[in-house]
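Atoms considered below: every heavy atom in the structure, side chains included; atoms not considered: hydrogens, waters and symmetry mates.
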Amino acid sequence: MEYIDKIGERIETRSLFIYLVIIYIIFSIGDILNHSHYLYPDIFKIISGVLILIISFVYLPIRNLYMNVLNFSILKKLSTYFWIVFIYMMFFYLNHLFFKSGFLMNTGLLDNYYSPIRFPLRFNHEFILYIFTSGILFPIWEELVQRVCTVVFLSRLFPLWICVILQAIIFGLLHMDKPLLIILFALLSFFLWFVTKSIIPSIIFHMLYNIHGGLLIYYNIDVIPSW
């Protein structure tokens, strides 16, 4: 709890609340106006993601908060890569189990996952857009907002363990096609942030998971061997 208090000590609770309300409104509008399938977000979803990042680094109190957790020096440590690879592989095996069992998974998502139809092995425009959005843009703002800012805000109201569970539940509710799996993802992502004291490994973990998922869906390429 001391670490969470330290990184957010200079930002008022009111500023956190206003920022989160604005961000979730922008996210909701982009989600509502998005009429394409989840692998191929349309212009409204992309604009909402870009706008969220712009606001995050223009609004000074929030920018200061995020600069405290964007610690790139952690990438100089070998242990950082151990944690990223360990958490990444552990979660993707969980991912395999959930898709295999179908437990609390959207049937449309499962049908798409097991569909024998795949794109030709080439960089089509949909996959390139997927990499830009789900592979880069969304993981950055989701980890900053839904991991860092949400936990710091909730820490003003609850003990840390409750904050961690709540942020995971909120994240899961925003991914209703596979809520329980994403709750576990959020818990592991928080652990990665907390153990390294930098959100960079969590962003990398998030990017790897989304890109891996895209490779599976588009090209049926799995870079982690199944058991």
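Ile182 contributes atom CD1, which lies 12.5 Å from atom CG of Leu104 (distance to the nearest 0.5 angstrom). Remark: Ile47 CD1 to Leu51 CG distance equals 8.5 Å, nearest 0.5 Å. The CG atom of Leu65 lies 9.5 Å from the CG atom of Leu70; values are rounded to the nearest 0.5 Å. Taken to the nearest 0.5 Å, the CG atom of Asp177 stands 10.5 Å off from the OG1 atom of Thr107. Separating the CD1 atom in Ile23 from the CD1 atom in Ile26 is a distance of 5.0 Å, to the nearest 0.5 Å. Interatomic distance, Leu181 CG to Leu94 CG, rounded to the nearest 0.5 Å: 7.5 Å.
In this structure, Ser202 and Ser189 approach most closely via the heavy-atom pair OG-O, 2.8 Å. Taking every heavy atom of both residues into account, Thr150 and Val145 meet most closely at OG1-O, 2.8 Å. Summarising the geometry of Ile183 relative to Ala168, their closest heavy-atom pair is CG1-O, 3.4 Å, with the distance given to 0.1 Å. Of all heavy-atom pairs spanning Pro201 and Thr196, the tightest one is CG-OG1, 3.5 Å. Considering all non-hydrogen atoms of both residues, Gly49 and Phe138 come closest at CA-CE2, 4.5 Å.
The list of side-chain hydrogen bond (donor to acceptor under 3.5 Å, both in side chains) pairs with a residue in residues 151-176, not counting sequence neighbours, reads Thr13-Arg156, Arg147-Gln167. The stretch residues 80-90 participates, sequence neighbours left out, in no salt bridge (Lys or Arg N to Asp or Glu O under 4.0 Å) pair at all.
One N or O on the side chain of Tyr66 and one on the backbone of Leu144 form a donor-acceptor pair closer than 3.5 Å. Not one N or O on the side chain of Asn71 forms a donor-acceptor pair closer than 3.5 Å with the backbone of Ser198.
Geometrically, Lys178 does not engage Phe99 in a cation-pi contact defined by less than 6.0 Å to the ring centre and at most 45° from the axis. At least one test fails for Lys100 against the ring of Phe98: distance under 6.0 Å to the centre or angle within 45° of the axis.
Between Glu143 and Ile200, the closest side-chain pair of non-hydrogen atoms is not below 4.5 Å. Side-chain contact check for Tyr209 versus Pro139: every heavy-atom pair is 4.5 Å or farther apart. Inter-residue side-chain proximity for Thr133 and Asn210 is flagged as unmet; no heavy-atom pair is nearer than 4.5 Å. By the 4.5 Å heavy-atom criterion applied to side chains, Arg10 and Asn64 are not counted as neighbours. Using a 4.5 Å heavy-atom cutoff, the side chains of Ile29 and Ser48 are not in contact. Contact annotation: the side chain of Arg63 never approaches that of Val58 to less than 4.5 Å [non-hydrogen atoms, C-beta and beyond]. Taking 4.5 Å as the limit, every side-chain heavy atom of Leu208 sits out of range of all side-chain heavy atoms of Phe91. Counting heavy atoms from C-beta on, the side chains of Leu137 and Leu53 come closer than 4.5 Å.
Around atom NZ of Lys77, no more than 12 heavy atoms belonging to other residues, nucleotides or ligands sit under 6.0 Å away. Within a 6.0 Å sphere centred on CE of Met67, heavy atoms belonging to other residues, nucleotides or ligands number 12 at most. Around atom CZ of Phe57, more than 12 heavy atoms belonging to other residues, nucleotides or ligands sit under 6.0 Å away.
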| field | Steps toward side-chain contact (heavy atoms from CB on, under 4.5 Å) verdict (Phe194, Leu160) | value | CA-CA 11 Å; Phe194 198 76; Leu160 182 59; 4.1 Å; yes
| task | Go through the steps to decide whether Leu154 and Ile162 satisfy the test side-chain contact (heavy atoms from CB on, under 4.5 Å), and finish with yes or no. | result | CA-CA 8 Å; Leu154 291 173; Ile162 294 180; over 6 Å; no
| task | Could you please spell out the steps behind the side-chain contact (heavy atoms from CB on, under 4.5 Å) verdict for Leu188 and Leu192? | result | CA-CA 6 Å; Leu188 289 172; Leu192 193 54; over 6 Å; no
| query | Under the side-chain contact (heavy atoms from CB on, under 4.5 Å) criterion, do Cys149 and Leu16 qualify, and how do the steps go? | reply | CA-CA 7 Å; Cys149 194; Leu16 287 168; 3.6 Å; yes
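Cluster annotation: Leu60 and Tyr19 are assigned to distinct hydrophobic clusters (Ile/Leu/Val/Met/Phe/Trp/Tyr, side-chain heavy-atom contacts under 4.5 Å, transitive). In the hydrophobic cluster analysis, where Ile, Leu, Val, Met, Phe, Trp and Tyr join through side-chain heavy atoms closer than 4.5 angstrom, Trp141 is grouped apart from Ile32.
Ring geometry for Phe27 against Tyr24 counts as perpendicular: the plane angle is over 60°, on a 0 to 90° scale with 30° as the lower cut. Ring planes of Tyr130 and Phe127: parallel class, angle under 30° (limits at 30 and 60°).
Annotation: ring pair (Phe, Tyr, Trp, His ring centres under 6.0 Å) contacts of Phe205 (sequence neighbours excluded): Phe185. Checked against side chain to side chain donor-acceptor pair (under 3.5 Å), Tyr3 has the following partners two or more places apart in sequence or in another chain: Trp193. Partners of Pro179 by side chain to side chain contact (heavy atoms under 4.5 Å, CB included), not counting sequence neighbours, listed by chain and number: Met176.
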Run the side-chain donor-acceptor check on residues 79-87: report pairs under 3.5 Å with partners two or more places apart or on a different chain.
unit_1	atom_1	unit_2	atom_2	d
Thr80	OG1	Ile74	O	2.6
Tyr81	OH	Leu75	O	2.7

